[in-house]
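Reviewing the structure listed below.
Letters A, B, ... are given to chains in the order of the sequence lines, protein chains preceding strands, and every chain is numbered from 1.
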Protein chains: 2
Amino acid sequence: MLSHKAKYALKALLYLAEQDENHISRTIEIADGANIPKKFLEQILLDLKRGRFVSSKQGKFGGYYLIKSKNEITLAEIHRLFDGAIALLPCASLNFYEPCSDCKTESECSLRHGLMLIRDKTLKAMEGITIASLVNK
Amino acid sequence: MLSHKAKYALKALLYLAEQDENHISRTIEIADGANIPKKFLEQILLDLKRGRFVSSKQGKFGGYYLIKSKNEITLAEIHRLFDGAIALLPCASLNFYEPCSDCKTESECSLRHGLMLIRDKTLKAMEGITIASLVNK
DNA sequence: ATTAATTCTATCGATTTACTAGGAATTAGA
DNA sequence: TCTAATTCCTAGTAAATCGATAGAATTAAT
């Protein structure tokens, strides 16, 4: 399941994607528009900024705007940024790989092979969902 | 990601699937064989029993054994039993459906449609992974 | 009865989650 | 330069969840 953070991030990005080019959205505006607790959203937007999905203008009349094309922001990326690995176990993960601590024979985790199949399919599906694909759905 | 419980459950089922027909496995035997904390495994086996994947014989010479064919136990079922919904949000779930609380227009959650596509693909993949398919991998 | 096993209930500590609070830093306009 | 509006940053917190443990009750074979 997605965390609230990830869900809110998607909704915030969706909100930003729906605005006119060059429009700068204040946090409060996004919070109201997408029904997200404002202070919580602040943190999320900062995370999205660190992840280079959005950028911001500070001070009066400041706010946030997309810096990545809505066609290029995928569910997979947002999942990784907020909720980490897409694979079901660390030993089956590409970006968050860690060996199993409880597998007797390191390289022969009985679950790994099957879970890597799942990961590949899930990942492909998640890369197919972009912010653009969600707009006006 | 899978919880430890779900992971241990899969490993326990795998262990049981590898035993001779009619063999009854004690908890301690499974725990040692699959490297699972014994007391924790107890709970997991009880959950698996409630889920009708295994059954048990009590008392001396008691233990656990599979009552469902290893071809019919899928990753999807184990995920649902221990970790709940396979979908990324409750509003996109088949078995654990709940409406979003933060979506303005109930039936028009902006994420729902995309997440249902993911769910369908992930579910299909997870239903393809059975205990039998994992044995000797 | 004794022994060895499952079953059941309760609890614990640590971590994570979902927020909230308060204020510092930054910017623009009056 | 002052003020208002905004982002940015650091803590803190209540609740839930997770991973695991403890111990007593129950059951069955000998």
Side-chain angles (χ1 to χ4, degrees), chain A residues 1-12 16 23-32 34-67 79 81-85 88-90 96 100-102, chain B residues 1-12 16 23-32 34-65 67 79 81-85 88-90 96 98 100-102:
Chain A
M1 294 278 262
L2 289 182
S3 66
H4 282 205
K5 257 194 176 175
K7 179 178 70 169
Y8 290 155
L10 289 168
K11 292 176 84 173
L16 291 177
H23 177 69
I24 287 189
S25 305
R26 287 171 303 145
T27 306
I28 188 70
E29 193 185 313
I30 306 172
D32 290 349
N35 220 26
I36 304 169
K38 194 217 164 197
K39 276 299 212 176
F40 199 24
L41 178 59
E42 270 186 23
Q43 294 179 5
I44 293 164
L45 287 168
L46 285 174
D47 287 336
L48 285 171
K49 188 181 174 186
R50 289 185 202 107
R52 313 221 175 252
F53 294 97
V54 304
S55 190
S56 68
K57 186 166 175 301
Q58 284 195 113
K60 200 171 183 180
F61 302 114
Y64 291 91
Y65 52 95
L66 281 185
I67 54 168
H79 190 285
L81 182 59
F82 291 96
D83 294 348
L88 289 171
L89 286 183
F96 296 84
C100 319
S101 54
D102 59 318
Chain B
M1 295 278 264
L2 290 182
S3 65
H4 282 203
K5 257 192 175 175
K7 179 178 72 171
Y8 290 155
L10 289 169
K11 291 175 84 173
L16 291 176
H23 178 69
I24 288 188
S25 305
R26 288 172 302 147
T27 307
I28 187 70
E29 190 185 319
I30 306 172
D32 289 348
N35 218 29
I36 304 170
K38 194 215 164 199
K39 275 301 216 174
F40 199 22
L41 178 59
E42 267 185 26
Q43 293 180 4
I44 293 164
L45 288 167
L46 286 174
D47 287 335
L48 285 172
K49 189 182 175 185
R50 289 185 201 107
R52 312 218 176 257
F53 294 97
V54 304
S55 189
S56 69
K57 186 166 176 299
Q58 283 194 118
K60 200 170 183 179
F61 301 114
Y64 292 91
Y65 52 95
I67 55 169
H79 190 285
L81 183 60
F82 292 95
D83 294 349
L88 290 171
L89 286 183
F96 297 84
E98 276 182 60
C100 319
S101 54
D102 59 318

Pairs satisfying salt bridge (Lys or Arg N to Asp or Glu O under 4.0 Å), at least one member in residues 42-53 of chain B, at least two apart: B/Lys5-B/Asp47, B/Lys38-B/Glu42, B/Lys39-B/Glu42, B/Asp47-B/Arg50
Taking it one step at a time, do A/Leu45 and A/Ile30 satisfy side chain to side chain contact (heavy atoms under 4.5 Å, CB included)? CA-CA 10 Å; A/Leu45 287 168; A/Ile30 306 172; 4.1 Å; yes
For C/dC19, does either OP1 or OP2 sit under 4.0 Å from a side-chain N or O belonging to A/Tyr8?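 Yes.
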Go through the structure and list residues passing side chain to side chain donor-acceptor pair (under 3.5 Å) with B/Thr27, not counting sequence neighbours.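 Partners of B/Thr27 under the side chain to side chain donor-acceptor pair (under 3.5 Å) test: none.
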Kindly write out the residues that satisfy side chain to side chain donor-acceptor pair (under 3.5 Å) with B/Glu29, not counting sequence neighbours, or none if the list is empty.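 Counting only residues at least two positions away or on another chain, B/Glu29 forms a side chain to side chain donor-acceptor pair (under 3.5 Å) with B/Tyr15, B/His23.
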What integer distance in Å separates [X]:[atom1] from [N]:[atom2]?
X: B/Leu41; N: D/dA22; atom1: CG; atom2: P; answer: 16 Å
X: B/Asp47; N: D/dG19; atom1: CG; atom2: C1'; answer: 13 Å
X: B/Leu48; N: C/dT7; atom1: CG; atom2: C1'; answer: 15 Å
X: A/Asn35; N: C/dC19; atom1: CG; atom2: C1'; answer: 15 Å
X: B/Ile44; N: C/dT7; atom1: CD1; atom2: P; answer: 14 Å

Does anything in residues 37-64 of chain A form a ring-ring contact (aromatic ring centres under 6.0 Å, His included)? List the pairs, not counting sequence neighbours. A/Tyr8-A/Phe40
Reading nucleotides 5-18 of chain D from the 5' end, what letters show protein touch, with B for base, S for backbone sugar-phosphate only, - for no heavy atom under 4.0 Å? BBBBB-B-------
Which residues share a side chain to side chain contact (heavy atoms under 4.5 Å, CB included) with A/Ala6, sequence neighbours left out: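 Result, side chain to side chain contact (heavy atoms under 4.5 Å, CB included) vs A/Ala6: A/Leu2, A/Ser3, A/Phe82, A/Asp83.
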